[in-house]
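In what follows, chains are A, B, ... by sequence order, proteins preceding strands, each numbered from 1.
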Amino acid sequence: MTWDQFQRLAFEGGWITVQVFVGAALFGTALSLWFGVMSLAPSRTLRIISRVYVETARGVSAIILLFWVAFALPIFLGFQVISPMVSGIIALGTSMGGYGAELVRGGIGSIPKGQTEASVSLSLTFTQRLRYVILPQAVITILPPFGNLNIEVLKGTALVSLIALSDITFEAQKLRNSRIVLLEQGLTAPTTAMIFSTTILIYLAMSQIVALLFRRLEFRLGGRWHKVKV
Amino acid sequence: MTYVMAQAAVETKWDWEVAWEFLPIIAEGLWVTVRATLVGTIIGMILGLILAVLRRSPRWYIRLPTIAVIEFVRSTPLLIQLFFIFFVLPGFGVTLSPFVSLSLGLGIHYGCYTSESYRAGIESVGRGQWDAAVAINLSTATMWTSVILPQAIPTVIPALGNYLVAMLKDAPLGSAISVVGVLAAAKGLASLTFRVTEAFTLVGILFLAVSIPAAIFVRYLERRYGFDRT
């Protein structure tokens with residue numbers, strides 16, 4: 001494999017993958033917090049809405065959701081088309097939010113009620129209570145499985161290649177499909193095995209980096225050195 | 001191709017007649033997808049147990065490669081693994097049909113996840129059991145089959161159920177390696193009739209109709225079989 005081909009695979013494709021990953025992770029985290037907190041609301045309606053979201057987001061696989069967002073949603077909303085990158089971010093983020101919301105719910109639920117009561121007696125508003133008392137304590141519990149969830153999202157970004165977004169997987173496919181042309185022109189045409197082996201190693205490296213980042217984050221937030229199970 | 005298709009299809013909203021016509025075709029595709037999941041589950045459950053036992057081997061030349069394989073498969077996207085089986089293996093003389101490739105890919109991928117669940121179950125069996133088995137001179141095989149596994153497996157069942165549901169949601173990936181499952185049906189219908197909304201929304205709904213009962217079943221399993229061993 002030439003350096004040029006590798007560079008296109010790892011860096012150009014990788015850049016798209018990173019963008020989708022970061023976008024989906026941020027969106028997913030926001031949804032997780034939002035619906036996680038909503039599932040513990042006093043209002044029964046809110047709790048039901050949250051439950052519907054969680055069951056739907058977890059029940060529909062990311063790939064089905066991805067295709068639906070990319071092709072069916074534009075028509076429902078009246079757009080001509082939703083860009084593959086945005087579709088990917090929305091779909092993966094929504095799917096992640098379903099699982100993340102359960103983690104947030106569990107994490108917050110593990111905080112002793114006394115904390116809530118003390119905050120109320122100190123006249124903290126709901127938002128202040130969440131931001132300064134509850135969430136900082138919940139984060140330690142939530143973080144290890146949340147890290148795993150993020151790595152799942154990273155692996156999920158490979159799906160956007162199926163809606164023709166030029167991520168690592170799509171670049172690998174392009175390279176594979178161009179083999180005939182390359183061979184005709186007498187240029188270096190890496191074998192299919194080589195292409196996918198390289199691709200898989202790139203993803204492996206990225207997973208390990210993300211896992212490492214989460215481990216450091218846990219450490220800095222005061223947790224022990226949990227082994228983040230990939 | 002699919003990207004261009006989205007731009008051309010500016011159809012009106014929902015047409016119930018079209019949805020009704022699509023239903024049997026998509027249901028047929030769903031059945032293929034479900035079958036692949038079931039085969040994958042069987043492979044995964046068996047492989048997971050084998051990997052879990054190997055991982056506990058006292059011989060480093062068995063244990064370390066097993067750990068490496070498990071972590072490798074868990075750190076990389078299922079899609080790439082499917083591509084590997086379907087596109088790379090033929091180069092080494094092993095050509096498998098799309099369905100078999102999908103089932104095998106699902107089985108191997110989730111086998112590595114289930115192996116960790118098996119491991120947790122095995123490790124939860126009290127130390128005394130191992131010592132007692134040695135003390136009454138049971139062979140390794142008898143110790144495993146008559147003492148350890150019967151105590152380890154029940155706790156693992158809910159986790160296996162969860163992975164079955166997860167596998168069901170990943171099975172549509174087969175469309176990327178030409179499995180004529182639910183996603184291929186939807187894409188085919190959409191490109192044939194340009195009715196993207198009905199096609200992909202129906203897929204989502206049918207999918208939920210299968211995965212939510214499955215999730216409820218898993219929760220039942222958790223109640224029935226899960227118990228804490230202090």
Atom [atom1] of [X] and atom [atom2] of [Y]: how far apart are they, to the nearest 0.5 Å?
X       : Y       : atom1 : atom2 : value
E55(A)  : I216(B) : CD    : CD1   : 7.5 Å
D170(B) : I64(A)  : CG    : CD1   : 10.5 Å
I205(B) : W68(A)  : CD1   : CH2   : 9.5 Å
T56(A)  : I212(B) : OG1   : CD1   : 6.0 Å
R74(B)  : N148(A) : CZ    : CG    : 7.5 Å
S95(A)  : K169(B) : OG    : NZ    : 6.5 Å

For [X], is it the side chain, the backbone, both or neither that has a heavy atom under 4.5 Å from a heavy atom of chain B?
X       : value
S161(A) : side chain
I63(A)  : side chain
S197(A) : both

Any idea which of G156(A), A62(A), A172(A), A72(A) has the most non-hydrogen atom pairs under 4.5 angstrom with chain B?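 Most heavy-atom pairs under 4.5 Å with chain B: A72(A).
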Tell me which of these, R58(A), M206(A), M194(A), has more heavy-atom pairs under 4.5 Å with chain B than the rest.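 If we count pairs closer than 4.5 Å to chain B, R58(A) comes out on top.
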Shorter than 4.5 Å, heavy atoms on both sides: which option in I80(B), L89(B), L78(B), I70(B) has the most such pairs with chain A?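 Highest number of pairs under 4.5 Å: I80(B).
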Would F83(B) and Q173(A) satisfy side chain to side chain contact (heavy atoms under 4.5 Å, CB included), going step by step from the backbone distance to the final call? CA-CA 9 Å; F83(B) 284 158; Q173(A) 292 276 61; 3.2 Å; yes
Flag if over 12 foreign heavy atoms under 6.0 Å of CD, E28(B):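 Atom CD in E28(B) is not crowded, with 12 or fewer foreign heavy atoms closer than 6.0 Å.
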Would you check, one step at a time, whether the test side chain to side chain contact (heavy atoms under 4.5 Å, CB included) holds for T201(B) with F76(A)? CA-CA 11 Å; T201(B) 312; F76(A) 277 126; 3.6 Å; yes
Closest heavy-atom pair and its distance - [X], [Y]:
X       : Y       : value
F207(B) : G59(A)  : CD2-O, 3.8 Å
K155(A) : P77(B)  : O-CB, 3.6 Å
S75(B)  : L204(A) : CB-CD1, 3.3 Å

Under 4.5 Å heavy-atom distance to chain A, tell me which part of L79(B) shows up: side chain, backbone, both or neither.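 It is the side chain, since no backbone atom gets that close.
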For F67(A) and L183(B), what are the C-alpha separation, side-chain angles and deciding distance, and is it a side chain to side chain contact (heavy atoms under 4.5 Å, CB included)? CA-CA 9 Å; F67(A) 274 93; L183(B) 207 51; 3.6 Å; yes
Given the rule in the side chain to side chain contact (heavy atoms under 4.5 Å, CB included) test, do F72(B) and I200(A) qualify, once you have shown the distances and angles that lead to the verdict? CA-CA 9 Å; F72(B) 184 79; I200(A) 217 168; 3.5 Å; yes
With a 4.5 Å cut-off on side-chain heavy atoms, are V88(B) and I195(A) touching?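 Of all side-chain heavy-atom pairs linking V88(B) with I195(A), none is under 4.5 Å.
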Mind telling me whether F84(B) and F196(A) have parallel, tilted or perpendicular rings, with 30° and 60° as the class edges?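 The arrangement is tilted - the two ring planes meet at 30° to 60°.
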